[in-house]
Amino acid sequence: MTADAIPDFPFDRPMALEPPPQLAEMRERCPVAHVRLPSGDVATLVTRYDDARAVLADPRFSRNLARAGAARLSTTEDGGLFNRTKDGTADIREGQGHMRWRRLLSRWFTARKMEVWRPRVQAMTDDLLDAMLAKGSPGNLSAGLSLPLPVRVICALVGAPSSDQDKFAHWSHTMLTLTRNTQEEVDQAYREFNAYVSDLVDRNRADPGDDLLSELTQISDAEDGRLSQEELITTVRGLLLAGHETTSNMIAIMVAMLLSDRERFQAVIDDPDLVPGTVEEVLRLDSTLSAIGGVPRFITEDVELSEVKVPAGSTLIPNIPAANRDPAKFSDPDRFDPRRQNSNQHLTFGAGPHYCLGQPLARLELQVVLDTLTRRLPGLQLRDSPADLRLRTGGMTGGLQDVWVTW
């Protein structure tokens, strides 16, 4: 393959909610293919379900892109998102350090424990929706509901003031850049966010509450080596970022996807038992949440995927939207079917050691929002046509620009 033949990635798409047609073509004809990233570096794109799941689950595929030879996503070198902790402690994103970290947090994010939060999430949703309705139709669902709700929830979980949501939005917007910010701006955002979280930890240590941060702080202060101060700050920063950015985007995507084909929304109105299955199909079929389709991996040994040898030193991108529409895994994969039996086997939350810890909370928030909107606003419509929806660009997380609705 010549340099000129390597396509630029991410691909353009005809409509915001539809995946680029090149993904289906690659999955069929060239499931392990070279692409050129915004940085100019070349990576290997993986588009079939079994291959993508293997890349996600196999510990040989490292998330540490700080290694020599790893492709950069952008000219800002990913803002250090995949680097080791600065004090030299074991990286909680990899290997034994990661498994130790997951064990500490996993008991907080079980489906049973998150279910206890349902009444609080419901109350927050109703409060935000009341405020949006009071302003009258049309309303900006992104600003009125999808952005503030996950921030309120995660702030309550970790004991941070929800009044700081604008700060989280700025920091995450900058730290998750691909092309919209300079390295200096990314570094400054990291410094500010780290200082904020460090201060939050200190204040919580002086006045602990009944929240996740208080428990993590106690673990850190136990001096038994389970969680260092640096790892504590990294953990809280990650929770605030994940709780703000991805779930916020997903709520807006869900509403836009269901209202762009109104029969999907009406089906839930007619049968509220479809809420969980509808959420899973939204998660499976979304192609906008990540700008590049998945977290890159770096390999240090030769591997084989779809009978293609991928050499050591390659950076692989498991493209989740393509994998989630693989006909070898999902029958009639482009059809939206809330009764699909294996819908929840999608890879949107990852697989293996890096399967998303917060997925029970994200699912809960999406279900509460969908149930609330279909009960309280059965006449909900998109203000604009689906063709007028626009993607957010320039960052590692994608999502939609403002979603306006009428009722």
Side-chain angles (χ1 to χ4, degrees), residues 7-28 30-31 33 35 37-38 43 45-49 51-53 55-56 73 142 146 176 178 245-261 264 278-296 316-338 340 342-351 356 359 362-363 366 382 385-403:
D8 291 335
F9 186 76
F11 301 132
D12 293 330
R13 62 184 73 205
M15 291 180 61
L17 291 175
E18 295 298 324
Q22 294 98 317
L23 291 178
E25 295 168 6
M26 281 186 166
R27 189 180 57 229
E28 175 65 24
C30 190
V35 292
L37 303 172
L45 192 69
V46 177
T47 48
R48 288 183 179 168
Y49 182 93
D51 293 336
R53 196 182 192 290
V55 172
L56 292 169
L73 299 184
S142 300
S146 69
L176 297 173
L178 275 177
E245 189 80 17
T246 54
T247 309
S248 295
N249 286 346
M250 200 66 234
I251 290 172
I253 291 165
M254 175 180 70
V255 173
M257 190 184 297
L258 298 181
L259 295 182
S260 67
D261 185 343
R264 300 169 179 173
T278 299
V279 166
E280 295 306 320
E281 277 292 84
V282 167
L283 290 166
R284 184 182 70 84
L285 287 172
D286 170 60
S287 64
T288 70
L289 190 59
S290 168
I292 61 171
V295 177
L316 295 99
I317 299 176
N319 191 273
I320 307 307
N324 282 344
R325 293 176 183 246
D326 188 343
K329 177 65 179 180
F330 303 100
S331 61
D332 196 4
D334 295 321
R335 179 170 59 90
F336 190 99
D337 181 6
R340 187 184 296 273
N342 66 340
S343 184
N344 64 356
Q345 294 179 28
H346 59 75
L347 298 176
T348 301
F349 291 120
C356 177
Q359 55 82 19
R363 283 182 159 113
L366 290 165
L382 284 177
S385 85
D388 291 328
L389 294 171
R390 293 291 177 264
L391 293 173
R392 295 171 59 196
T393 59
M396 277 177 267
T397 57
L400 299 170
Q401 297 180 24
D402 291 345
V403 175

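Everything numeric here is computed off the predicted structure, so don't read it as measured data.
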How long is the gap from OG on Ser260 to CD1 on Ile253, to the nearest 0.5 Å? 12.0 Å
For Pro21 and Pro14, the nearest pair of non-hydrogen atoms, with its separation, is CD-CD, 3.9 Å
First locate atom OG1 of Thr348, then atom CG of Leu285, and finally report the distance between them rounded to the nearest 0.5 Å. 9.0 Å
Rounded to the nearest 0.5 Å, how far apart are OG1 of Thr278 and CG of Leu283? 11.0 Å
What pairs of residues pass the salt bridge (Lys or Arg N to Asp or Glu O under 4.0 Å) test when at least one of them lies in residues 279-292, not counting sequence neighbours? Glu280-Arg363, Glu281-Arg284, Glu281-Arg340
Does the pair Met250 and Leu366 meet the rule for a side-chain contact (heavy atoms from CB on, under 4.5 Å), with working shown? CA-CA 8 Å; Met250 200 66 234; Leu366 290 165; 3.9 Å; yes
Begin from the C-alpha positions of Val35 and Asp8 and carry the test side-chain contact (heavy atoms from CB on, under 4.5 Å) through to its verdict. CA-CA 6 Å; Val35 292; Asp8 291 335; over 6 Å; no
Identify the two heavy atoms, one from Val295 and one from Pro318, that lie closest to each other, and give their separation to 0.1 Å. O-CD, 3.4 Å
Of all heavy-atom pairs between Ile317 and Gly294, which one has the smallest distance, and what is that distance? CG2-O, 3.9 Å
Test item: Ser142 side-chain N/O and Val403 main-chain N/O as donor-acceptor pair under 3.5 Å: yes
Report yes or no: does Thr47 contribute a side-chain atom to a donor-acceptor pair with the main-chain N or O of Leu23 at less than 3.5 Å? no
According to salt bridge (Lys or Arg N to Asp or Glu O under 4.0 Å), does anything in residues 317-334 pair up with another residue at least two apart or in another chain? List the pairs. Arg325-Asp334, Asp332-Arg335
Tell me, yes or no, whether the heavy-atom count around Gln401 atom CD, taken from other residues, nucleotides or ligands under 6.0 Å, exceeds 12. yes
Can you see which heavy atom on Ala323 is nearest to which on Ala52, and at what distance? CB-CB, 3.8 Å
Donor-acceptor pair, side chain of Arg264 and main chain of Met257, under 3.5 angstrom: yes
CD of Gln22 to CG of Leu45: how many Å apart, nearest 0.5 Å? 10.5 Å
Quiz question: by atom type and distance under 3.5 Å, do the side chains of Asn319 and Arg27 form a donor-acceptor pair? no
More than 12 heavy atoms from other groups under 6.0 Å of CZ on Arg53: no
Taking atom CG of Leu391 and atom CG of Asp12, what is their separation to the nearest 0.5 Å? 10.0 Å
Run the side-chain hydrogen bond (donor to acceptor under 3.5 Å, both in side chains) check on Arg13 and Thr288 step by step: do they pass? CA-CA 10 Å; Arg13 62 184 73 205; Thr288 70; 5.9 Å; no
Pair Asn249, Ser146 - check side-chain hydrogen bond (donor to acceptor under 3.5 Å, both in side chains), show working. CA-CA 7 Å; Asn249 286 346; Ser146 69; over 6 Å; no
What's the separation between atom CZ in Phe11 and atom CE in Met26, rounded to the nearest 0.5 Å? 3.5 Å
